[in-house]
Protein chains: 2
Amino acid sequence: MPTPHQSRADRRRATEARILDGARELFAERGFDRTTIRAVATSAGVDPALVMQYFGSKRELFTAAVQAAPAPPPDAGPDTLVDQLLATLGLKLGGLPEGTLAMMRSMLTDPAAADHARVALGRQIDGIGAALPEDAEPELRAALVVSALLGVSVGHQLLGLSPLREAPADRIAALLRPALAALTTPAP
Amino acid sequence: MPTPHQSRADRRRATEARILDGARELFAERGFDRTTIRAVATSAGVDPALVMQYFGSKRELFTAAVQAAPAPPPDAGPDTLVDQLLATLGLKLGGLPEGTLAMMRSMLTDPAAADHARVALGRQIDGIGAALPEDAEPELRAALVVSALLGVSVGHQLLGLSPLREAPADRIAALLRPALAALTTPAP
DNA sequence: CCGTTCGCTCAACACCTGTTGACCGAGCTG
DNA sequence: CAGCTCGGTCAACAGGTGTTGAGCGAACGG
């Protein structure tokens, strides 16, 4: 008997979490369209109808699964801007959070995910742009930085390009650092 | 009467081209999964069954539509490596070819498109890596360059990030140039 | 201990998809 | 001009999808 006696509410929270975890994993692996509610239900050991009953629709399940980004602690380190940027790659700690991967996976084919991605990236761009000198096209520079890092994440985590997959994280960071510095530093 | 009298073979080539064009456009806009054969047929003013009869299956239609990359002429200019890289962004000439966009659009959600993308990017990586000094992790540097440029393309052409959409092409190139130089140049 | 809540399942609907085979009629060939 | 070729359409099938409503049975509350 699995986890002998727990309250009804506990069981509910548990299965809800199981559904959410399976959904996140499948959405991250196959994207929104190719992830079927039936597959999510099976992965949680549950009837498809229950998934609907809990989350209302496939869309709401997706946004619920994606929103569960644990938001990394501010960490308060006196890091340089470039180091903060490299941290967003999630190179250490075994990759980006699965919810982020799920959103990235679907952002090119699902308009809702694309909107979500645009605002998330826009927020990052604004944050970086605010840290750049005003006379150096800060928004454009920030957008290029974010896009470049997005590309590295895509190539690494979603496409699995072999040179990136096989390289140690600190080598990637070391090679990227001067490039990001060049992008964020106005020509003298 | 549209284009009065043409041979049967001419008409055939014409409708085939019309189907291929519509397919490329729709695949580029919505990706593989969300593009329906019925929609392609409608866009070409034709019955869905004809699309199948011409291309055999949706997959073959996709690969046929994507393969039609006109392959930019070598141009033989004595460009620097960085300039060649910037050229691959298709910043001038109104964006990348639609077949390339179609492949990019689907590469995160369709395994076949992902394979296609991996070999295409792999080819680019090998080409760039061969031009880098052997003692400077050329493959990794090349992969980072290609990924970063991929990210900029995605952000610009597929996501439509406003700072990139609104910026003139030569500003993007100018800001990217030193960063690419830093990526392709081993530390002194 | 009994009635009610509620987590959960079953079976089905309505829809859309890729794909197929029969068929029509205009153009080609002899 | 007769017969075949073949570009093209029509109608349908089979499978998979999100979504729904009725219902069951165990845990809850009094």
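Every chain is numbered from 1, with letters handed out A, B, ... down the list of sequences. The structure presented is a predicted model; accordingly, all values stated were derived computationally and were not measured. Side-chain atoms are counted along with the backbone in the values below, which use heavy atoms only and exclude waters and symmetry mates.
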On DNA chain C, check which nucleotide each of A:Pro48 and B:Ala9 is closest to and give me the residue with the more 5' one.
A:Pro48

Heavy atoms, side chains only, cut-off 4.5 Å: are A:His116 and A:Thr63 in contact?
no

Once you round it to whole Å, what is the distance between P of D:dA11 and CG of B:Leu50?
17 Å

Are A:Arg171 and B:Leu144 packed together at the side-chain level, in the sense that at least one heavy-atom pair is separated by less than 4.5 angstrom?
no

Salt bridge (Lys or Arg N to Asp or Glu O under 4.0 Å) pairs touching residues 117-130 of chain A, sequence neighbours excluded, are A:Asp115-A:Arg118

For residues A:Val154 and B:Val154, determine if any side-chain heavy atom of one lies less than 4.5 Å from a side-chain heavy atom of the other.
no

So for A:Arg38 and D:dG18, does any side-chain atom that can act as donor or acceptor lie under 3.5 Å from a complementary atom in the base?
yes

Take atom CZ in A:Arg30; do more than 12 heavy atoms of anything else shown fall under 6.0 Å from it?
no

Between residues 52-62 of chain A and DNA chain C, which residues have a heavy-atom gap below 4.0 Å?
A:Gln53, A:Tyr54

Charged N to carboxylate O under 4.0 angstrom, B:Arg59 versus B:Asp110?
yes

Mind checking if A:Arg12 touches a base, just sugar-phosphate, or nothing, with heavy atoms under 4.0 Å?
sugar-phosphate

Less than 4.0 Å between a side-chain N and a carboxylate O, is that true for B:Asp21 and B:Arg18?
no

To the nearest angstrom, how far is B:Asp10 atom CG from D:dG8 atom P?
12 Å

With a 4.0 angstrom cut-off to heavy atoms of chain A, pull out the first and last contacting nucleotide of DNA chain C, in 5'-to-3' order.
C:dT5 to C:dA12

Calculate the interatomic distance between A:Ile37 atom CD1 and D:dT20 atom C1'; express it in whole Å.
12 Å

For atom CD of A:Glu139, is the number of surrounding heavy atoms from other residues, nucleotides or ligands below 6.0 Å larger than 12?
no

When rounded to whole Å, the CZ to P distance for the pair A:Arg8 and D:dA27 reads 9 Å

